[in-house]
Each structure stands twice: as structure tokens, then as C-alpha cells.
2 protein chains.
Amino acid sequence: MRESLAIRFSAGGETAVQRRYEILAQELRGLILSGELKVGDPLPAERDLVEITGLGRGSVREAIRILEIEGLLSPKKPGRKGVSVVQNASDQTVQRQLELFIGGDSVSNDHLLQARMVIEPALARIACDMRTDDDIEAMRAINARIEAIGNADRGALVQLNLDWHSQMFAASHNDLLVAIAIGLTETQHRAGVMGQYGSQEHVRLMVEAHGKILESIIARDGERAYRRTYLHLRGYADTLAKKNPREFDLTPLNPR
Amino acid sequence: MRESLAIRFSAGGETAVQRRYEILAQELRGLILSGELKVGDPLPAERDLVEITGLGRGSVREAIRILEIEGLLSPKKPGRKGVSVVQNASDQTVQRQLELFIGGDSVSNDHLLQARMVIEPALARIACDMRTDDDIEAMRAINARIEAIGNADRGALVQLNLDWHSQMFAASHNDLLVAIAIGLTETQHRAGVMGQYGSQEHVRLMVEAHGKILESIIARDGERAYRRTYLHLRGYADTLAKKNPREFDLTPLNPR
DNA sequence: CTCGATTAATTGGTATGACCAATGAAACGG
DNA sequence: CCGTTTCATTGGTCATACCAATTAATCGAG
């Protein structure tokens, strides 16, 4: 009944069929990115979209699902007002994708470390200019809790360490870099590559390192904060290096 | 007939229902990330998964679609051997998500510039250590083509400029940082924020800047490559700043 | 027997129709 | 006027059916 809508496009030498739900997803994405659909605008109900597009409900649902995973549409809720709503892709979608990418075996641990050594010291430096007093207080509070629990609870220690770093990143007030940095840091910590640290001595050193970084940020001494953060990371990297040999030299990232 | 499988979990104070396709997606994702399903392993056919899981075909398809968007499953093809295959999430999924995040209005152009100024000079420095002769040759070739076409074709100029930067990033041989850097650079260039550059003089300056960066990388002079790349970016930023006032100072990223 | 052409089986893509559960609005009753 | 009940809306899910593409199996000619 319906003439062939088969649209073909060349992609990498191959010829792929453009599936209907893909087309619809593209169109909706275009409407959102071009601003014709603004953040907060509700999408028509699934059954309305079926009428509008002439597609089946399954195809409509798959198209919506795609944009939902990309972060451009809110998850739906059943009920009378449960339609999808246009939203901005969140920092969390960036983190998720970074974690999935790094989690695969395309990225070596050394490359991940190298990336962290590029970004995290720079964030510390930026934080020196942009921090507020609240940022300082938050960082201080987390470090105090780390000192308090010591190595009693391994899981809590990992989480608090993550929290401290996230809070330091947040003090830069650059949401883009923060999202990237958290994605990198979380992946490495969750990977359990750092199951070794947890002795009382390790915790003491960690608290001390955090303290020195915090001091520098309070003093708004960018160079010092950069250096302290770099050394903190390198200490961590060196601990790892005792177990596995390095693939390549990480050190060119050292400032000055 | 089927007892309620409704699983609830608290998320941010709210209580959300876990939908069936979400559960299946989670399970499959878990199998992949834990390594029980390895890269290259084919998934059972949709109808087989229907039998295995007891779900409807629509739910199975939505679950698969989610993992496909996340990059963990290959797109399917019709035909007898068209089943999904497990794969690593690619750098492209990272780029896509960065572009979607930045494309929304959560990230200001100044924050994007700041992020680039953190990452790109660092990549130039790393490239000094890791580059091969092929990298050098590729960069030289692209720059030559830029010089050749001049400002004749605006679109081609933008693309070639992107290519040059991508090639420079690639010379670092850190796929993670490369994916991030390309995501940032592409977004800014595609956003058309740089429609202004295109005069013959601009092109000449661009070629010159690229040339100086390349020289430094050839000489393996990391500090110099870092500095040149930083200045190249700052020149671009200053051009933009003439049109729109800065939100904040970008300069703390200057090395030394 | 070998190889090319034809046929059949497999698999994803899509549509239709139906029913449930949750939600919120409207109608109702005190 | 307010609380309760009813009901329409909407997403979630399943079952079934058919098409199109692709590959495997079969068959036939030489």
C-alpha cells in the first residue's frame, strides 16, 4: 500500500538502509537542535505521533527511545501527563559514554592516567580563580570525613575520595571540563584498579595531599595548585606502576 | 496471568518503575561489561531472545536499541546473519555525546574555549614524544592543501582546518584525549561561530601558525609546541572576543 | 561431479490491534 | 466548597502477521 520509503545513503563505502525509526529520530533531533523544539516543550503523545508520521507505534517508540538515551528527551511516565519532554543533554550522558568507551579495551590504563594528568591539574588551576567560599568549605568537609573514617570502610573511602575530587573539579565552575574529569576519574576508581590503597598510612598521605591542594586553591596560587594536583596523581600512578610496567612515559605533562 | 515483575528503585527521592526493556538492557550491558559476552560475540536472534526472556518482541527490540545507541552492540542488518554483535563503544559515541551536551545551552562558548585551551596544547606536547614520521607527513599534507585552496571554498576550508587539528591530536596516540579533543573542536567549528575567518590574510596566518606548531613537534620541543598551540587558540578566542565580551578570564591556562 | 541458478529458510523492519497500569482531570456527592 | 469516585488519557507490553533482505540449501545443466 505504501510506496517504498527506502532511503539509501553511502557510509564508509557501504550502502545502508535508512530505517524508519532512524529517520524519525533524525527529524526530531533536528527539530530539537535547531531550536524549533525548545527545552521544556512536550512531545505529542505516542499515538498522536503515529497519526502524524504514518508509522507504526513500535517505530515511533524506538525513535523516542533513541533520543531518550542521547539525553534529548526526558524519560516518560505512564499516566495522563507522561509524554516526553525536550531537555538538554546532561553532563551525566557525557560521563556515561566516557565510562563505556574507557571500559572497553580500546583505552589503556596508561592513556587514561595521561588524560587525567592533563585535565585535573588544569582544573585545579582554574579553580583558584573561580572558587567560592562554599567550594572551599565543601572540600574541607569531605576531607575531614575521610580523615574521620580512616581505612575502616573501604567502599566509603573510595566514594569519599571520588567526592573530594569531584568537588575540587566543581570549584572550577566549568561544567564541561567537570563532566569530562568526573567521567575519567570515576571510571578509573570504579574499575577497582586501586584496590591496594587503604592502609592507614595511605589514607594519611591522601588527606595530606588533599590538604595541600586545598591550601593552594584557598591562596589562589594557580601554579602551586596545578603542581600539587599533578604530584598527587603521579603518586597514584607510581603506586600502580609498581604492579604493571608503564607502556610509555607519562611525564611530559609536568608543568614548567 | 503473569505476576507483577514491577521492580521499584528510589532515584533522587522519586520512585520509578523499572520497565522490562530497561531490565533486559541492564542485564545485557552487565554481561558485556563483565566480559561474559566478549567483543565479536553475536547476540541471539530477536525471536530467540523473546523465547529466552519471556518478553515481547517490542521490548527486546527496545533493549537492543539502547545498547546500540550506547555503542555496545553493532547495528543490525536484515538477512540470515544480521544479528547484533557485541563491540566496544567507539570514540565516535564519545564525540557524539560531547556534541549533544555542548550543543545545548548548558555550556557557554567561553567554557568550551577554556576546555580546548586545557586539552589541545597538552596534546601538542604529548605529540612531541609520540609522533611518528607518518604523523608529520599527514599534517604537512593537510596544511599544504589549506594553503593551496586559500579562501576559495569556505566549507572546504573549515573541514581542512578540522582535519589538521584532528591529525595533530592523533599524533599524540592517546585515543581517549583525541576523542575528547575532536568532540570539542568539531562542535565549535560546526556551530558556525567562526564564520568570520576566511579572508586571504586569515588563511595565511592560519597556515603560518600550523607551520610553527608542526616545526615544534618535528623538533620534539614540547614546551614550544604547547605554547604555539595555546597562542593559536588564543588568537582564535581573541577574534571571537571582539564580537562578544568574555564571561570570565581564560588566561590562567597559559603555561608558566 | 562441479558450478551456477533457483528456491527456501532465517532474520530484522514494520504495522495492527489489544489489554494493563498509572495518572490526573472531570464528574459527583456530601 | 471539598473530598471521593469515576473515567479518559497515556505509556508499557504482548501477540500476530507480513515484507524485504540476505544467506543457506537445493536443484539442474554441462
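Every chain is numbered from 1, with letters handed out A, B, ... down the list of sequences.
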Taking atom [atom2] of [N] as reference, at what distance in whole Å does atom [atom1] of [X] sit?
| X | N | atom1 | atom2 | answer |
| --- | --- | --- | --- | --- |
| A:R65 | D:dG11 | CZ | P | 11 Å |
| B:I66 | D:dG12 | CD1 | C1' | 13 Å |
| B:E62 | C:dT14 | CD | P | 13 Å |
| A:R61 | C:dG13 | CZ | P | 17 Å |
| B:E22 | D:dG11 | CD | P | 15 Å |
| A:R19 | C:dA15 | CZ | P | 14 Å |
| A:R57 | C:dC19 | CZ | C1' | 11 Å |
| B:L73 | C:dG12 | CG | C1' | 14 Å |

Legend entry - Partners passing side chain to side chain contact (heavy atoms under 4.5 Å, CB included) against B:E51 (at least two apart in sequence or in another chain):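 B:E51 satisfies side chain to side chain contact (heavy atoms under 4.5 Å, CB included) with no residue once adjacent residues are dropped.
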
Legend entry - Phosphate-side-chain proximity, A:R20 and C:dG13, N/O vs OP1/OP2 below 4.0 Å: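 It does not, given that no N or O in the side chain of A:R20 lies less than 4.0 Å from OP1 or OP2 of C:dG13.
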
Legend entry - Any A:S59 side-chain nitrogen or oxygen under 4.0 Å from OP1 or OP2 of C:dG13: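 So the side chain of A:S59 is outside the cut-off, no N or O lying under 4.0 Å from OP1 or OP2 of C:dG13.
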
Legend entry - B:E46 bridged to B:K76 by N-O distance under 4.0 Å: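 Result for this pair is yes, salt bridge flagged.
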
Legend entry - A:E22 bridged to A:R19 by N-O distance under 4.0 Å: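 A salt bridge is present here (some side-chain N lies under 4.0 Å from a carboxylate O).
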
Inset, instruction - Could you give me the CA-CA distance, side-chain angles and deciding distance for B:E137 and B:R140, then say whether salt bridge (charged side-chain N to carboxylate O under 4.0 Å, His left out) is met? - result: CA-CA 5 Å; B:E137 194 41 53; B:R140 204 198 305 272; 3.7 Å; yes

Below 3.5 Å is the cut-off: list the nitrogen or oxygen pairs between protein and nucleotides 7-10 of chain D, distance only.
| from | atom 1 | to | atom 2 | distance (Å) |
| --- | --- | --- | --- | --- |
| D:dT10 | O4' | A:G79 | O | 3.1 |
| D:dT10 | O2 | A:G79 | N | 3.4 |

Legend entry - Residue pair A:R57 / A:V50: nearest heavy atoms and the distance that separates them: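 It is CA-CG2, 3.6 Å.
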
Inset, instruction - Evaluate the side-chain proximity of B:N174 to B:M130: yes if any heavy-atom separation is below 4.5 Å, no if none is. - result: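 B:M130 vs B:N174: side chains apart.
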
